[in-house]
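Remarks on the structure that follows.
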Amino acid sequence: MEERYHPELVEPKWQAYWKENQLFKVTENPLKEKYYLLEMFPYPSGKIHIGHVRNYTIGDVVVRYKRMKGFNVLHPMGWDAFGMPAENAAIDNNTHPAAWTYENISSMREQLKKMGFSYDWDREIATCRPEYYKWEQWLFLKMLEKKMAYRKESYVNWCEKCQTVLANEQVEQDKCWRCSQTVQQKKLWQWFFKITDYAQDLLVHCDKLPGWPDKVTVMQKNWIGRSVGSELKFKIHGQENNIEVFTTRPDTVFGATFMCLAPEHPLVESLSKGTEKQDEVAAFVQKVSTQERSAEGLEKYEKEGVFTGAFCINPATGEKIPVYTANFVLMGYGTGAIMSVPAGDQRDFDFARKYGLEIRVVVQPKGELFDGNTMDQAYTGEGFLVNSSEFNGLESAKAIDVITDWLEKKGRGKKAVSYRLRDWGISRQRYWGAPIPVVHCPDCGVVPVPETDLPIRLPEDANLLEKGGSPLPYLDSFAKAFCPECGRKDAKRDTDTMDTFVESSWYYLRYCSPRYDEGMFDPKAVKYWAPVDQYIGGVEHAVLHLLYSRYFMRVLHTLGMIDFKEPFTRLLTQGMVCKETMTCPDHGYLFPEEALKDDKGSLVCTKCNKDVAVGRVIKMSKSKKNVVDPNELLEKYGADVTRLFCLFAAPPERDLEWSEDGVEGSNRFVNRVWRLALECLEKIDGFKPFTGAASDLSSEQAKALYIKANQTIQKVTDDIDKSFHFNTAISAVMELVNVLYTIDLDSADAEMKKVILFSLENILLLLSPILPHFCEELFEKFGKTGSILEQSWPEYRKDSLKTDEIIVVVQVNGKLRSKFTIDAGIGEAVIKETALADEKIKKYIGDKEPKKIIVIRKKQTLINIVV
RNA sequence: GCCGAAGUGGUGGAAUUGGUAGACACGCUAGACUUAGGAUCUAGUACCGCGAGGUGUGGAGGUUCAAGUCCUCUCUUCGGUACCA
């Protein structure tokens with residue numbers, strides 16, 4: 001009985017068994033109900049981190065559970081293999097993105113295999129392979145043909161010194177991360193997908209995703225950001241052109257005392273041209289071009305603007321109002337111009353005060369008398385119109401329609417819907433991505449590459465530029481092309497590559513038929529497997545990846561390629577894995593192994609012996625060094641213990657705080673079950689598990705254990721099935737194990753032994769999705785043949801879940817004062833009587849007459865006496 | 001800034017539709033076994049108080065016989081914010 005569980009022997013044994021018997025290989029089987037479970041595929045960064053381990057463990061448990069429930073389960077794995085880190089690593093380590101990526105893939109694949117995850121590895125894909133991105137290029141051509149893809153000019157972060165485009169994360173405080181040069185906004189022609197065509201459909205279906213967490217659909221709705229309002233035309237003074245604005249508050253149009261254009265607005269230059277403001281405006285536009293134009297970045301800068309020198313006509317008042325350009329107006333939202341109503345919008349108010357512009361009150365609630373000169377903030381609420389000519393006195397909410405209709409009759413406006421959602425810019429001026437399959441011809445313009453030329457291969461012999469730019473434009477063998485239309489020899493291939501979100505928007509369909517070479521996927525396979533029944537991944541993808549995927553399915557649906565629109569029926573967004581940071585005064589951030597306890601018990605740096613400061617618990621990241629290497633865990637504890645801890649430490653949707661002590665605890669539990677099983681094996685021989693009803697059992701102890709075992713089956717099944725709360729499922733099994741530990745096997749009678757055997761076998765079945773290797777091994781020791789995977793999930797007996805007695809909780813004025821046990825079938829009157837007769841209760845009631853007695857008989861039986 | 005979450009013992013966390021706050025585990029304390037233990041087993045462990053008892057789910061109010069759970073306000077931390085994936 002000294003023997004401990006030895007993962008280093010047991011785990012490879014069963015991994016080999018599963019592989020040999022191809023237990024995870026699946027094919028379409030119309031006789032079985034399918035279940036497609038998918039975890040978000042990883043970026044091959046080099047090593048699996050704990051966040052991956054957690055994500056894939058959650059998925060693996062559900063997969064194994066569903067298999068035991070009889071489903072035909074698809075559970076694939078692959079690699080989101082294009083992306084910026086490969087380029088950075090290639091520059092830093094003087095290697096090639098492809099070499100770096102493929103190496104990472106093979107080491108990460110080995111790690112995943114050691115974790116015992118039940119993937120059908122025959123379906124593995126890597127998005128950087130031409131066989132994959134060929135079909136992405138194919139789809140791009142289809143979208144181009146259907147006008148779902150188009151080109152327009154838009155801005156990128158540009159470092160003049162490095163001559164490169166920078167990602168947002170490569171811009172640090174307006175400076176290039178490599179050379180600290182101030183970053184500029186540069187205008188480039190880029191490709192876009194017309195996701196806005198589906199804005200309404202994507203929005204409406206947010207409410208038809210019952211399997212998604214509300215927080216995700218709410219975020220998506222807000223991201224799409226539908227707003228209803230009006231589009232108004234402000235005639236430019238002295239010209240026939242108009243400036244169009246979108247506003248949700250046309251009721252305030254009489255208060256529009258100036259106009260603001262985005263600095264990128266095409267009219268900014270032309271309006272100021274030739275005026276004395278020309279230079280000032282140009283300088284301002286230049287200044288704004290060094291400012292980050294993201295929603296997050298906008299907040300960092302002081303709101304400011306300049307007068308363009310031009311005026312436009314307020315369509316309601318007929319007044320001349322000045323046209324400004326301002327840094328808080330975004331070209332990408334609405335029309336890139338706003339009518340400014342300082343009395344009704346805080347930003348406009350601040351702007352007006354700053355530049356001495358008129359603040360005219362047009363809406364005020366009853367009983368107020370706002371004055372534009374003395375107000376200290378804008379009034380954004382509803383009220384009644386003032387200073388609005390014939391509309392004075394009208395309720396502002398009603399005025400929205402009335403004024404829009406009035407302006408429409410004058411030809412100056414109309415009702416309009418605007419979305420915050422912008423079209424998806426997919427062009428990346430990078431090397432390590434899927435080439436965009438078009439050619440630019442001096443004569444024919446943009447010409448799609450013929451389908452038969454696909455894939456347009458990314459040349460793998462290119463060397464990266466030191467400063468991070470893409471080598472593709474300089475690589476003649478790639479960039480020079482014949483025009484497919486006219487045959488001109490000096491046409492130029494598009495050297496941009498696609499956003500990596502494009503690959504991840506459809507990979508889950510590719511898994512259904514990963515080697516299919518006649519299209520993106522085999523329609524028959526997709527018909528059987530898709531959509532994904534359960535998708536699992538980080539909550540950080542709540543908007544972009546998930547929205548793009550939803551969009552892509554709509555595109556394929558429109559193209560008639562699939563018959564569904566929503567890719568993921570159920571979604572689980574798991575929390576991050578966090579750990580405390582440690583810093584040494586001399587050496588900065590420390591890895592966990594670089595800080596050790598000295599004899600006094602305080603943490604010191606292994607390099608200099610100075611005291612280590614323990615910092616906040618934050619998401620594990622290499623830069624903060626608060627990481628745990630799964631390889632070390634595997635070596636020390638094995639896969640099953642690591643899996644157990646990931647599941648036990650927190651429910652999946654919550655952040656998980658890593659704790660070495662907690663892992664030790666999981667290890668202890670695994671060994672506790674191991675010893676229990678071995679002891680039973682030794683002492684209970686020749687018996688079969690009990691399977692009758694609890695009432696057939698003669699001893700109270702056996703009955704109690706049997707009920708507990710049945711309750712455990714119910715609890716674990718519910719927790720996995722309904723909420724994925726594995727932590728409570730595990731604690732339920734722990735409770736049962738604790739009960740078994742209190743039983744003396746040597747003195748147990750035959751009946752008891754049968755119930756113990758029943759309990760133990762079910763513990764193994766219930767734990768098998770979580771501790772697959774461990775449970776296989778014990779199952780085998782108990783003389784079973786085959787894999788535990790092929791067993792059915794246990795059923796509990798409904799007639800053996802409840803005990804004969806219940807505990808009644810007695811409260812006086814809502815405070816717990818006493819408890820008693822009573823026969824479960826007893827009536828309410830008896831409960832009241834018993835409670836009132838209770839000595840402790842009498843003390844609290846005294847001689848007062850109870851005002852009210854409330855008896856609750858739900859999960860708990862409770863009686864509250866109000867005096 | 002905007003959008004979305006989360007705050008419960010020394011720690012991670014548990015608590016259908018409001019109904020015994022702290023399951024289960026870590027840590028700690030004590031005991032047992034042991035040549036030894038960082039193994040194992042048993043017991044105890046929210047806080048204050050000698051006690052009766054009181055107080056407790058980030059903070060402040062409110063609804064209710066009853067609030068971790070519902071409502072209002074507020075603080076802190078985290079995620080996303082369109083070129084990290």
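Keep in mind the model is a prediction, meaning the values are calculated, not measured. Chain A is the first sequence line, chain B the second, and so forth, proteins listed ahead of strands; every chain is numbered from 1.
Here A:Glu87 lies out of heavy-atom contact (under 4.0 Å) with every strand. Among the atoms of the strands shown, only primed sugar atoms or phosphate atoms (P, OP1, OP2) are found under 4.0 Å from some heavy atom of A:Met576. Within 4.0 Å (heavy atoms only), A:Gln860 reaches at least one base atom of the nucleic acid.
Annotated stems with RNA chain B as a participant read B:1-7 with B:75-81, B:10-12 with B:24-26, B:27-32 with B:40-45, B:46-48 with B:53-55, B:58-62 with B:70-74, given as range with range, by first number; only runs of 3 or more Watson-Crick or G-U pairs under 3.5 Å qualify.
Counted by atom type alone, A:Arg178 and A:Gln170 present zero donor-acceptor pairs between their side chains at under 3.5 Å.
Judged by distance alone, with hydrogens and angles left aside, the side-chain atoms of A:Asp838 form no donor-acceptor pair with the main-chain N or O of A:Ser818 at under 3.5 Å.
Scanning atom types as modelled, no donor and acceptor separated by under 3.5 angstrom connect the side chain of A:Glu660 and the base of B:C26.
In this structure, A:Lys303 is not positioned above the aromatic face of A:Phe351 in the sense of NZ or CZ being under 6.0 Å from the six-membered ring centre and within 45° of the axis. With a 6.0 Å cutoff to the six-membered ring centre and a 45° limit on the axis angle, A:Arg672 counts as a cation-pi contact of A:Tyr741.
Checking B:G4, B:C26, B:A85 against every side-chain atom of A:Arg668, the shortest atom distance belongs to B:C26. Listed candidates were B:U40, B:G4, B:A25. Nearest to the side chain of A:Asn222 is B:G4. With distances taken from any side-chain atom of A:Arg420 to the nucleotides B:A82, B:A85, B:G53, the minimum falls on B:A82. Across B:C65, B:G4, B:G54, the shortest atom-to-atom separation from the side chain of A:Asn864 is found for B:C65. Side-chain proximity of A:Arg654 to B:C83, B:C41, B:U8: nearest is B:U8.
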Contacts under 3.5 angstrom, residues 535-548 of chain A side chains, donor-acceptor by atom type, not counting sequence neighbours:
unit_1	atom_1	unit_2	atom_2	d
A:Tyr535	OH	A:Tyr507	OH	2.6
A:Tyr535	OH	A:His545	NE2	2.8

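For A:Lys708 and B:A23, the NZ to P distance is 13 Å, given to the nearest whole Å. To the nearest angstrom, P of B:U81 lies 16 Å from CD1 of A:Ile224.
Between A:Trp674 and A:Tyr5, the ring planes are tilted. Angles from 30° to 60° get that label.
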